[in-house]
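Below, read A as the first sequence line, B as the second, and so on, with proteins coming before strands; counting in each chain starts at 1. What you see is a predicted model; the values in this text were computed from it and never measured.
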Amino acid sequence: MSISEKESSELLTRAEDLQLDQDLRFQRREWRIERVAWWLALLVIVAALAGLFSNGPLSNTSAASPSGDLRVDYQHFVRHLGQNSLSITVQPTAFHDGLATIVLDSSIAATLQITSILPQPQSMSSAGGSTVIQVATVGDAPAQVLIQYAAAGAGLHTGTISSGLDRHGADLWEFVYP
Amino acid sequence: MGVDAVLRAVAVYGALLVILRLSGKRTLSEMTTFNFVLLLIISEATQQALLGQDFSVTMAVLVILTLVALDRVSDALRYKFPRFDRISNSEPVLIVNHGEPLEEVMRREHISVEEILSAARETQGIGRLDQIKYAVLETSGGISVVPQEQPAEAQ
């Protein structure tokens with residue numbers, strides 16, 4: 001390689017009647033940077049496949065409340081205003097009067113622009129910034145609620161989803177790409 | 001919303017500049033049918049990021065205005081600062097000198113002798129490597145050919 005570099009350098013200096021503003025040192029640096037950039041691009045693509053930018057093993061996760069009565073399956077990495085969903089499972093131990101209660105604390109409620117909740121909640125109410133969702137249940141089967149939402153606001157968000165205003169909930173964190 | 005339009009345009013302009021610059025001179029330089037379609041797909045993907053959910057005329061005008069202004073500004077910067085020109089646009093590089101292909105350059109830029117001969121045929125109507133005095137890979141990604149002053153007799 002060094003031989004061909006030397007050869008080509010010599011050949012380049014002999015191009016005397018061609019007015020070409022060329023700097024081989026710059027050119028070689030450029031090739032090196034390009035080479036690094038190609039590897040970086042490959043790395044970004046692999047990271048995307050792994051879920052660093054949503055939807056993949058790195059991103060899919062779940063969180064549970066300390067008592068185990070509520071579990072949230074969600075994504076760590078989402079994109080600004082992209083369509084996302086999180087699935088909340090409430091165990092019968094947390095049911096009251098045939099209703100499962102889900103409380104999104106104020107910081108989570110502010111970042112989720114909810115587009116739909118399945119099944120249709122019996123009621124949705126607000127308690128000091130927190131959003132309280134109540135869903136009808138059938139017998140002793142765990143209640144599963146799917147919330148579809150668009151994440152609002154780039155950056156790191158943390159918050160808690162619990163099965164009641166007075167209960168410890170599942171802590172989650174979510175990074176929203178711009 | 002106005003700030004949003006300008007910021008989106010700046011971000012997309014910057015990202016495209018960096019990606020296309022780092023991918024090398026030859027990227028999208030030849031307009032084969034496939035490259036043409038690829039270009040269309042890239043612009044389609046860009047459009048979403050530029051406009052978001054806002055399809056108003058105001059948004060479109062703001063984005064176009066910002067992109068054109070950025071292009072004028074970078075042209076002016078290139079004129080004023082040759083270093084910036086070289087960094088953002090690269091520089092032409094010799095690939096054939098007196099009929100002799102420069103192996104290092106060709107290897108780095110992924111140019112085959114075939115491609116040089118093809119450029120020689122298309123632009124100069126000459127058919128052999130030894131009839132080429134200089135071939136230069138331009139910053140646009142195209143290959144320009146300077147023929148030998150006295151073309152060698154056909155064998």
Could you tell me whether E104(B) and R28(A) make a salt bridge, using a distance below 4.0 angstrom between a side-chain N and a carboxylate O? yes
Interatomic distance, Q27(A) atom CD to L94(B) atom CG [nearest 0.5 angstrom]: 11.0 Å
Establish whether V61(B) and L50(B) are linked, either directly or via other cluster members, by ILVMFWY side-chain heavy-atom contacts under 4.5 Å. no
One should read off an interatomic distance between K133(B) NZ and L18(A) CG, to the nearest 0.5 angstrom, of 8.5 Å
Could you tell me whether a side-chain N or O of E30(A) sits under 3.5 Å from a main-chain N or O of S90(B), the two making a donor and an acceptor? no
Going only through I, L, V, M, F, W and Y residues with side-chain contacts under 4.5 Å, is there a path from I126(B) to I143(B)? yes
Answer yes if V6(B) and I64(B) sit in the same cluster of Ile, Leu, Val, Met, Phe, Trp and Tyr residues linked by side chain heavy atoms under 4.5 Å apart, and no otherwise. no
For atom OH of Y177(A), is the number of surrounding heavy atoms from other residues, nucleotides or ligands below 6.0 Å larger than 12? yes
Interatomic distance, CG@L24(A) vs CD@E91(B), rounded to 0.5 Å, equals 8.5 Å
Side-chain contact, heavy-atom cut-off 4.5 Å: F26(A) with V93(B)? no
Could you report the tightest heavy-atom contact between R86(B) and D23(A), atom names first, then the distance? NH1-OD2, 3.2 Å
Atom CZ of R21(B) and atom CD of E34(A): how far apart are they, to the nearest 0.5 Å? 6.5 Å
Hey, quick one: are L81(A) and M59(B) part of the same hydrophobic cluster, counting side-chain heavy atoms closer than 4.5 Å, chains of contacts allowed? no
Is it the case that more than 12 heavy atoms not belonging to F55(B) sit under 6.0 Å from its CZ atom? yes
With a 4.5 Å cut-off on side-chain heavy-atom distances among I, L, V, M, F, W and Y, is there a chain of contacts connecting L70(A) to Y74(A)? yes
Using heavy-atom distances under 4.5 Å, tell me whether V18(B) contacts chain A through its side chain, its backbone, both, or neither. neither
